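First comes the structure, then the notes that go with it.
Only a predicted model underlies this, so the values are computations on that prediction, with no experimental measurement involved. Reckoned from all heavy atoms, side chains included, excluding hydrogens, waters and symmetry mates.
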Amino acid sequence: MEDSRRGLVVGFAGIFIVTALLVCASEGLNSEGQYLLEFKEGIHDEFNYLGNWNSSDQTPCGWKGVNCSSDPKIPVVVSISLSSLNLSGTLSPSICNLVNLAELDVSNNGFTGNIPKEIGNCSGLEILHLDNNQFDGQIPSELGNLPSLTSLNLCDNMISGPLPEEVGKLSSLVQFLAYTNNISGPLPVSLGNLKNMRIFRVGENFISGSIPSTIGGCEKLEFLGLAENNLGGDIPKEIGMLKSLTDLVLWSNELMGRWSNSARNVPKWFKRA
């Protein structure tokens, strides 16, 4: 009798172990992979470049364009680089469920629609490149919630509306590119808060008003590109205090005024008309 009971216990234990193993095996793709598959649902992938984004994998770390951290125990997605893959569709807000994401590059594709405001939830984002697509709508003010962002490239889209004042909260920003869009309204006064910015290019838009004197606060600015807009008024003397400035591009505006003696650091070959 004891032997038969012992046999039953062993048998049930074996069944339990096998069942547990089957459950573990059936857990499949982790949550980050699920978020990426949700992101993929909004994409038209004509040439199947994302064909290895497979729900039967345990993690997305081997997928095309997906890079993970080097931690072998718990790898997490840190970078998504899908540039120049002839992709189209919309940018799903689910992408910012990837809490460790530091780089998102979908440049040189055919994405349309708005930049989702949820992009502001990607709090660790350092590089955001959405250039050379067909994004429209306004730049979401939530971008100001990205304190680690160093490079923001939005050029060659159909973005409209003003540059939000919240741009001035991007304290780590080094490069801001938004030329060749339909951006209108004035330049944000908050630009002067961007102490680390080296490149600011917003030419070929419909930006109006005057150049804010606060631009003098961009102490490290090397390239200031404002050509082909509707800017007017005097050129602020504070530009002359930008000791690192090498390129000043102001042509095709309605700017006025003369340089004062404080403008010795500005290149003498710049064009303002």
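A donor-acceptor pair under 3.5 Å is formed between the side chain of Thr246 and the backbone N or O of Glu222. Put simply, the side chain of Asn205 gets close to the backbone of Ala178: a donor and an acceptor are under 3.5 Å apart. In this structure, Asn157 contributes its side chain and Cys155 its backbone to a donor-acceptor pair below 3.5 Å. Not one N or O on the side chain of Gln138 forms a donor-acceptor pair closer than 3.5 Å with the backbone of Gly161. A donor-acceptor contact shorter than 3.5 Å is absent between the side chain of Trp63 and the backbone of Leu50. Not one N or O on the side chain of Ser151 forms a donor-acceptor pair closer than 3.5 Å with the backbone of Ile127. At least one donor-acceptor pair under 3.5 Å links the side chain of Ser172 to the backbone N or O of Pro147. A donor-acceptor contact shorter than 3.5 Å links the side chain of Ser190 to the backbone of Glu165. Without hydrogens or angle criteria, Ser141 side chain to Pro164 main chain gives no donor-acceptor distance under 3.5 Å. A distance-only check finds no donor-acceptor pair linking the side chain of Asp131 to the backbone of Leu154 [under 3.5 Å].
Around atom NZ of Lys40, more than 12 heavy atoms belonging to other residues, nucleotides or ligands sit under 6.0 Å away.
Linking Ile, Leu, Val, Met, Phe, Trp and Tyr residues whenever their side-chain heavy atoms come within less than 4.5 Å leaves Phe206 and Leu226 in two separate clusters. Note on Leu37: it clusters hydrophobically with Leu104, by side-chain heavy-atom contacts below 4.5 Å among ILVMFWY residues. No single ILVMFWY cluster, assembled from side-chain heavy atoms under 4.5 Å apart, contains both Val78 and Leu29. Both Phe47 and Val106 are members of a single hydrophobic cluster when ILVMFWY side chains are connected at heavy-atom separations under 4.5 Å. No path of Ile, Leu, Val, Met, Phe, Trp and Tyr side chains, each step under 4.5 Å between heavy atoms, connects Val174 with Val167, placing them in separate hydrophobic clusters.
The line from CZ of Phe176 to CG of Leu191 is 8.0 Å long, rounded to the nearest 0.5 Å. Atom CG of residue Asn132 and atom CG of residue Asp156 lie 4.5 Å apart, to the nearest 0.5 angstrom. Residue Leu231 holds its CG atom at 8.0 Å from OG of Ser210, rounded to the nearest 0.5 Å. In this structure, CG in Leu149 is found 13.0 Å from NZ in Lys169, a value given to the nearest 0.5 Å. For the atom pair CZ of Phe39 and OG1 of Thr90, the computed distance is 9.0 Å after rounding to the nearest 0.5 Å. How far CG of Leu224 is from CG of Leu250: 6.5 Å, rounded to the nearest 0.5 Å.
In plain terms, the two heavy atoms of Lys117 and Glu142 that are nearest each other are O-CB, 3.3 Å. Scanning all heavy atoms of the two residues, the minimum distance from Gly124 to Ser148 falls at O-CB, 4.2 Å. The two residues Met197 and Cys218 have their closest heavy-atom pair at CE-SG, 3.9 Å. The two residues Leu82 and Trp53 come nearest to each other via the heavy atoms CD2-CZ2, 4.2 Å.
Counting heavy atoms from C-beta on, the side chains of Leu91 and Asn133 never come closer than 4.5 Å. Counting only heavy atoms from C-beta outward, the side chains of Cys68 and Thr59 never approach each other to under 4.5 Å. Between Ile95 and Leu36 there is a side-chain heavy-atom pair separated by less than 4.5 Å. Ile207 has its side chain out of reach of Asn253: every pair of non-hydrogen atoms, C-beta onward, lies at least 4.5 Å apart. Looking only at side-chain heavy atoms (C-beta outward), Ile119 and Cys96 come within less than 4.5 Å of each other. Between Val249 and Tyr179 there is no side-chain heavy-atom pair separated by less than 4.5 Å. Considering only heavy atoms from C-beta on, Val76 stays 4.5 Å or farther from Asp71 through its side chain. Side chains of Leu98 and Ile80 form a contact here, defined as non-hydrogen atoms less than 4.5 Å apart.
A side-chain contact (heavy atoms from CB on, under 4.5 Å) with Leu177 holds for exactly one of Val202, Leu152, Ile199; it is Ile199.
For Glu219, there are no salt bridge (Lys or Arg N to Asp or Glu O under 4.0 Å) partners two or more places apart in sequence or in a different chain.
Counting only residues at least two apart or in different chains, side-chain hydrogen bond (donor to acceptor under 3.5 Å, both in side chains) contacts with residues 105-114 comprise Ser83-Ser107, Asp105-Ser107.
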Full working for side chain to side chain donor-acceptor pair (under 3.5 Å) between Lys64 and Asn52: CA-CA 7 Å; Lys64 172 75 173 178; Asn52 73 336; over 6 Å; no
